[in-house]
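Note on naming: letters A, B, ... go to the chains in the order of the sequence lines (proteins, then strands), and numbering restarts at 1 for each one.
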2 protein chains.
Amino acid sequence: MTPTSNRPNINTSPVDIHNYFGFAVSVDCVIFGFDDNTLKVLLIKSDLPEFQEKWSLLGDLVDLDEDLDSASYRVLKERTGLENVYLEQVHTFSAIDRHPAGRVVSAAYFSLVNVKHYHLLQNDNELHWHAVSEIQDMAFDHKLILETCLKRLQEKVQEEPIIFNLLENKFSLRELQCLYEAVLGVKLDRRNFRKKLFTTGLLVDINEMEENVPHRPGKLYTFNHNRYSKMKKKIFVGIDF
Amino acid sequence: MTPTSNRPNINTSPVDIHNYFGFAVSVDCVIFGFDDNTLKVLLIKSDLPEFQEKWSLLGDLVDLDEDLDSASYRVLKERTGLENVYLEQVHTFSAIDRHPAGRVVSAAYFSLVNVKHYHLLQNDNELHWHAVSEIQDMAFDHKLILETCLKRLQEKVQEEPIIFNLLENKFSLRELQCLYEAVLGVKLDRRNFRKKLFTTGLLVDINEMEENVPHRPGKLYTFNHNRYSKMKKKIFVGIDF
DNA sequence: GCAAAAGTGTTCACATTACACCCATGG
DNA sequence: CCATGGGTGTAATGTGAACACTTTTGC
């Protein structure tokens with residue numbers, strides 16, 4: 001059997017393909033933050049008549065001389081003032097009618113930012129943090145994008161220590177555990193959690209204590225990024241389905 | 001801080017954005033197969049002058065009235081005659097100069113097919129199976145795409161039983177183990193492997209034996225897809241980095 | 001003194017690993 | 001009879017889960 005259509009193939013034939021250059025490409029960033037023991041996402045109110053009063057992810061069209069990673073970093077920086085944030089491409093959404101302006105395919109990214117750092121820089125009242133668990137409907141296919149990115153975040157925090165991007169440099173074990181619980185949507189045993197985290201050898205006791213807490217203050221730790229990047233990632237093989 | 005540029009924002013403002021509609025979008029499919037105890041990938045020779053004699057993934061431009069999943073299914077069907085194959089989007093590649101024809105962003109998919117079924121339908125001599133481990137350079141950024149998809153495949157076969165898409169319906173445990181070893185690039189203990197797979201309860205002994213093997217024939221099994229889809233996937237939480 | 005969270009070990013069940021011998025078949 | 005892989009079990013180790021009491025601080 002051979003190909004059934006006679007359309008030009010871009011990978012094999014030097015044909016005129018300008019008829020196919022009618023797409024716009026966008027990025028949409030699911031910007032996660034952690035505040036008030038809750039996983040939050042940064043949203044903006046859509047001004048499009050089709051989506052009046054609905055909330056939208058932060059996104060933008062990609063320029064013709066820009067790649068996807070650069071575009072999403074640009075969105076992050078323009079909208080939050082933050083640089084050097086964690087950013088990861090998750091999935092590209094391409095439903096034909098997903099955008100009223102025309103054929104726009106959108107690459108979804110998720111980002112992990114420190115809400116405290118953000119508050120210092122940004123007071124734009126179009127932008128608001130929303131509890132992820134309370135979000136109802138959103139503009140475009142953004143609810144689907146959010147769910148997809150949340151699922152990816154949940155998988156990823158169990159494999160790599162990216163979760164520390166959501167905390168300040170110094171944190172207590174309670175904060176860290178609350179964060180894991182908020183992200184994963186589960187309750188964890190406190191003693192087992194502490195044991196597990198300590199045995200990684202990646203938490204540094206900085207000999208400081210929490211302050212201004214209405215209970216016994218806990219110790220503060222930092223994450224040892226240096227040591228982590230030097231540990232060669234063990235190649236774990238476990239078939240589990 | 002507020003946004004620093006005055007470019008229109010597609011998610012919030014109903015502006016004229018036609019200046020951004022200059023992209024082409026393509027899909028590239030990493031089609032994996034398993035033959036001769038080796039993980040293979042289906043490649044085609046590029047006819048583009050820029051990539052003479054280099055091998056390319058199977059891909060094509062996406063039509064303006066087509067979404068990405070449909071486009072990759074179409075490529076699969078046109079090129080291999082196979083339908084109902086496993087197909088999963090992995091990552092979108094967008095380097096500005098990745099395609100000589102212009103600004104083409106490409107969504108990479110991987111696919112798992114049964115090489116035997118394919119041979120029956122297809123004898124196109126532009127297409128060849130290549131051992132994944134022996135591939136040197138490729139056209140475009142396709143080597144990077146292949147590596148990215150292989151990595152995703154390796155992760156995914158440990159989480160979901162998609163690997164059976166690479167085998168025939170009936171298979172011996174040796175074939176299954178060789179396949180895991182080829183995909184993951186590791187050696188597995190035979191006894192522990194058998195124990196592990198049997199305890200899933202998802203292999204069905206069909207009371208048939210291998211034939212035409214130059215040694216003691218092994219039992220044949222099928223995978224119980226039905227039972228798997230009924231098992232509610234356990235929500236496993238394990239922080240491991 | 002009371003509320004709230006910090007800090008701390010042990011036990012049990014289960015999963016993973018390492019490891020060796022006899023058996024069935026084809027040639 | 002020989003080569004090749006099929007088929008099988010056990011012991012040791014490691015990991016995850018369950019579980020309660022004392023201590024420290026702010027109020």
**Message:** What residues from residues 170-185 of chain A pass a heavy-atom cutoff of under 4.0 Å to DNA chain C?
**Reply:** A/Arg174

**Request:** Specify the separation, in whole Å, of atom CZ of B/Arg191 and atom C1' of D/dA11.
**Result:** 12 Å

**Request:** Give the ring-plane orientation class for B/Tyr221 versus B/Phe198, where under 30° counts as parallel, over 60° as perpendicular and anything between as tilted.
**Result:** tilted

**Request:** Enumerate the residue pairs fulfilling side-chain hydrogen bond (donor to acceptor under 3.5 Å, both in side chains) with a member in residues 192-203 of chain B, sequence neighbours excluded, ordered by first and then second residue.
**Result:** B/Asp189-B/Asn192, B/Asn192-B/Lys195

**Request:** With sequence neighbours excluded, tell me which residues meet salt bridge (Lys or Arg N to Asp or Glu O under 4.0 Å) with A/Glu210.
**Result:** A/Arg174

**Item:** Sugar-phosphate only, base, or nothing, as touched by B/Asn212 at under 4.0 Å among non-hydrogen atoms
**Value:** nothing

**Message:** Tell me every residue that passes side chain to side chain donor-acceptor pair (under 3.5 Å) with A/Lys219, counting only those two or more places apart in sequence or in another chain.
**Reply:** A/Asp205

**DNA chain D contacts among residues 192-210 of chain B, heavy-atom distance under 4.0 Å** = B/Arg194, B/Lys195

**Prompt:** Got a sec, which residues hit ring pair (Phe, Tyr, Trp, His ring centres under 6.0 Å) with A/Phe110, two or more places apart in sequence or on another chain?
**Reply:** A/Tyr86

**Message:** I'd like to check the ring pair (Phe, Tyr, Trp, His ring centres under 6.0 Å) partners of A/His225; sequence neighbours left out, ordered by chain and number.
**Reply:** A/Phe223

**Complete:** Outer limits of DNA chain C sitting under 4.0 Å from a non-hydrogen atom of chain B, read 5' to 3', are C/dT16 to C/dG26

List the atom pairs, donor and acceptor, that lie under 3.5 Å between side-chain atoms in residues 161-171 of chain B and the rest of the protein, sequence neighbours left out.
| residue | atom | partner | partner atom | Å |
| --- | --- | --- | --- | --- |
| B/Asn165 | ND2 | B/Ile162 | O | 2.8 |
| B/Lys170 | NZ | B/Glu208 | OE1 | 3.0 |
| B/Lys170 | NZ | B/Glu208 | OE2 | 3.0 |

**Asked** Is the centre of the A/His142 ring less than 6.0 Å from the centre of the A/Trp55 ring?
**Response** no

**Asked** salt bridge (Lys or Arg N to Asp or Glu O under 4.0 Å) with A/Asp36: which residues, sequence neighbours excluded?
**Response** none

**Prompt:** Side chain of B/Arg216, base of D/dT4: donor and acceptor closer than 3.5 Å?
**Reply:** no

**Item:** Between C1' of D/dT15 and CD1 of B/Ile239, the distance in whole Å
**Value:** 14 Å

**Asked** What residues form a side chain to side chain contact (heavy atoms under 4.5 Å, CB included) with B/Ala131, not counting sequence neighbours?
**Response** B/Thr38, B/Lys40, B/Ser133, B/Glu134

**Asked** Which residue lies toward the 5' end of DNA chain D, B/Gly238 or B/Asp189, if each is placed at its nearest nucleotide?
**Response** B/Asp189

**Asked** Can you name the residues that form a salt bridge (Lys or Arg N to Asp or Glu O under 4.0 Å) with A/Glu175, not counting sequence neighbours?
**Response** none

